[in-house]
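In listed order, ligands and their atoms are each counted from 1. Reckoned from all heavy atoms, side chains included, excluding hydrogens, waters and symmetry mates. Bear in mind that the values here come from a model prediction, so they are computed numbers and not experimental data.
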Amino acid sequence: MRVRVLKFGGTSVDTPERRQAAVRRVVQARADGCDPVVVVSAIGRAGAPYATDTLLAELEGVDPAATPAPRERDLIMACGEIISTVIMAHTLAAAGYPATALTGGQAGIVTDEVFGDARIRSINPHYVISTLAEGRIPVVAGFQGVTDPGTGRHGAITTLGRGGSDTTASALGAALRAEAVEIYTDVPGVMTADPRLCPGTVTLPRVSYEEIAEMAHQGAKVLHPRAAEIAMEYGIPLWVKGTTATEAGTQIAGTAAELPHRVTGITHTPRVAYLTLHLPYREDRRRLELELFRILARVRVGFHLLGGSPDAIGLAVPRESLATVAGLLDGLVVPAGGGSPHRLYLLRVDRGGTTFGVQEDLLARAEGLAEVVAVPVQVVDTCAVVSVIATRMWETPGMGVAVLETLQDAGIAVLQTADSALSLSCLVHEKDTGHAVQALHRRFIRQEDDGPPAPGE
Ligand code: ADP
Ligand code: MG
């Protein structure tokens with residue numbers, strides 16, 4: 001069996017014309033001698049009748065004061081993809097290609113029990129395989145799985161987090177030993193920056209798994225980072241292509257270590273809140289930092305560690321997580337200091353709630369047992385992170401300076417910086433995001449007046 005997994009995003013299945021374009025891609029896979037397995041997202045973007053956000057808004061609108069149970073939240077969020085599988089399967093059937101719509105659970109995708117952000121634990125794709133054996137095309141609902149039917153949750157439907165359909169496609173590709181996983185979307189491939197934000201972007205013909213994973217982690221939502229990581233782990237060839245595009249798209253293969261230095265692209269993460277913890281004692285920094293990471297991991301808040309200094313820890317979190325993080329940190333007592341009396345850190349978040357004051361009073365009663373040290377946590381909630389993705393970043397002297405100079409020349413304030421083996425990130429004011437991406441793109445990728453890019457550039 002030569003399996004090819006084709007994943008179609010929300011905008012690739014939202015009109016009859018685009019669905020026909022998707023059908024042509026599936027038919028082409030067959031013509032190439034492959035068995036196509038289709039994965040679909042919910043139809044349309046935010047605002048569309050069956051888009052995930054619309055369904056969620058319906059649930060949350062029941063009573064703005066009541067929070068829906070995570071299990072029910074996932075159940076309603078999974079409906080959009082299910083509707084989409086039925087429409088797509090029937091579209092294929094009507095075109096003369098018998099197809100079977102499958103939920104994630106029917107496709108054998110078993111996850112952990114973390115509703116809203118579940119991880120795939122195993123895949124048993126026998127239903128997908130038997131569907132193929134009957135000469136039918138399986139159309140699988142992306143973004144969803146089920147908890148292990150053998151556990152207490154009895155096969156509850158879970159969702160995989162934003163962009164999770166890409167993960168479904170990669171994971172199915174791995175389970176079926178697919179010869180390729182193709183992610184079809186509304187742009188012609190992975191581009192040097194988000195074309196919505198930056199003029200003059202070009203499609204990258206080929207990138208390594210690490211580069212795309214880094215781009216995805218640093219905000220390029222064209223592909224979910226987990227999808228890249230799974231494909232890399234199992235050595236599944238991955239492509240990103242435009243559903244209606246004529247170009248070949250982007251091939252994802254190979255490792256970054258094989259490549260010479262190059263700037264791959266510029267990415268951005270919008271809607272970031274930045275927290276600075278001011279530390280009175282440097283010697284306790286590492287322990288406090290470690291405790292903080294543990295706490296954020298426990299509530300599954302992703303964060304970016306930016307800048308800081310010996311006297312401060314800087315954390316960037318998605319703005320939508322700010323209320324959770326601020327609620328968690330304010331009044332938090334962290335026993336991170338050594339010495340005697342034992343040193344306790346008490347966090348006080350800017351604009352936090354009342355917990356700090358209450359805790360301070362309570363701890364005052366424990367006088368003599370511990371030294372209580374207040375840690376002010378400052379919050380700036382209108383930030384964005386702009387990143388330059390490049391191979392051999394650390395072996396290329398001068399990159400950091402060039403990035404900072406470029407932003408300075410463009411009149412953009414950089415609040416913090418951070419780097420990794422494949423990226424250099426700058427925290428900026430959200431209003432400067434577009435300008436920053438454009439300035440960096442002009443400096444490191446191409447001048448807009450370079451003329452049309454040469455084919456295969
Ligand atoms: P889908 O619904 O098909 O999964 P997404 O909206 O998740 O589509 O991803 C495609 C979008 O990703 C594009 O419309 C584009 O605006 C955005 N994007 C961000 N960064 C990049 C990039 N570097 N290359 C291509 N697209 C990008
Ligand atoms: Mg997507």
Considering Met215, Met191, Arg45, which one's heavy-atom position lies nearest to atom 24 (N) of ligand 1? Met191
Within a radius of less than 6.0 Å around CD of Glu72, do more than 12 heavy atoms belonging to other residues, nucleotides or ligands occur? yes
Identify, by atom number and element, the atoms of ligand 1 in contact range of Gly189, meaning under 4.0 Å from any of its heavy atoms. 24 (N), 25 (C)
Can you confirm whether Glu134 is buried at CD, in the sense that more than 12 heavy atoms of other residues, nucleotides or ligands lie under 6.0 Å from that atom? yes
Is it the case that over 12 heavy atoms from other parts of the model lie below 6.0 angstrom from the NE2 atom of His261? yes
Once you round to the nearest 0.5 Å, how far does CD1 of Ile236 lie from OH of Tyr209? 7.5 Å
Among Thr267, Asp14, Val222, Ile266, closest by any non-hydrogen atom to atom 26 (N) of ligand 1: Val222
Nearest neighbour in protein (non-hydrogen) for atom 2 (O) of ligand 1: Gly10 N, 3.3 Å
Nearest-neighbour protein heavy atom for atom 14 (O) of ligand 1, which is reported as residue plus atom name and distance: Arg196 NH2, 2.6 Å
Check whether more than 12 heavy atoms from other residues, nucleotides or ligands sit under 6.0 Å from atom CZ of Arg30, and answer yes or no. yes
Check this for me: does any side-chain nitrogen of one of Arg119 and Asp112 sit under 4.0 Å from a carboxylate oxygen of the other? no
Could you go through Asp117 and Arg226, starting from their C-alpha distance and side-chain angles, then the distance that decides it, and tell me whether this counts as salt bridge (charged side-chain N to carboxylate O under 4.0 Å, His left out)? CA-CA 12 Å; Asp117 191 22; Arg226 284 289 301 149; over 6 Å; no
With respect to Thr192, determine whether any N or O atom, backbone or side chain, lies less than 3.5 Å from an N or O atom of ligand 1. no
One residue to check: Ala193. Relative to ligand 1, which of side chain, backbone, both or neither has a non-hydrogen atom less than 4.0 Å away? backbone
Number the atoms of ligand 1 from 1 as they appear, then name those within less than 4.0 Å of a heavy atom of Ala220, with their elements. 20 (N)
Nearest heavy atom to atom 17 (C) of ligand 1: which of Thr201, Asp166, Asp194, Thr243 does it belong to? Asp194
Arg162/Glu320 salt bridge by N-O under 4.0 Å criterion: no
Take atom OH of Tyr97 as the centre, draw a 6.0 Å sphere, and report whether it contains more than 12 heavy atoms from other residues, nucleotides or ligands. no
Would a distance-only check, ignoring hydrogens and angles, find a side-chain to backbone donor-acceptor pair under 3.5 Å from Gln144 to Gly104? yes
With nothing but distance in play, are any N or O atoms of Lys221 less than 3.5 Å from an N or O of ligand 1? yes
Counting non-hydrogen protein atoms only, what is the nearest one to atom 13 (C) of ligand 1? Give residue, atom name and distance. Asp186 OD1, 3.4 Å
Gly163 touching ligand 1 at heavy-atom level, < 4.0 angstrom: no
Looking only at N/O atoms, are Thr185 and ligand 1 under 3.5 Å apart anywhere? yes
Note the single closest protein heavy atom to atom 4 (O) of ligand 1, along with its residue, its atom name and the distance in Å. Lys7 NZ, 3.1 Å
Hey, which atoms in ligand 1 end up nearer than 4.0 Å to a heavy atom of Val187? 13 (C), 14 (O), 25 (C), 26 (N)
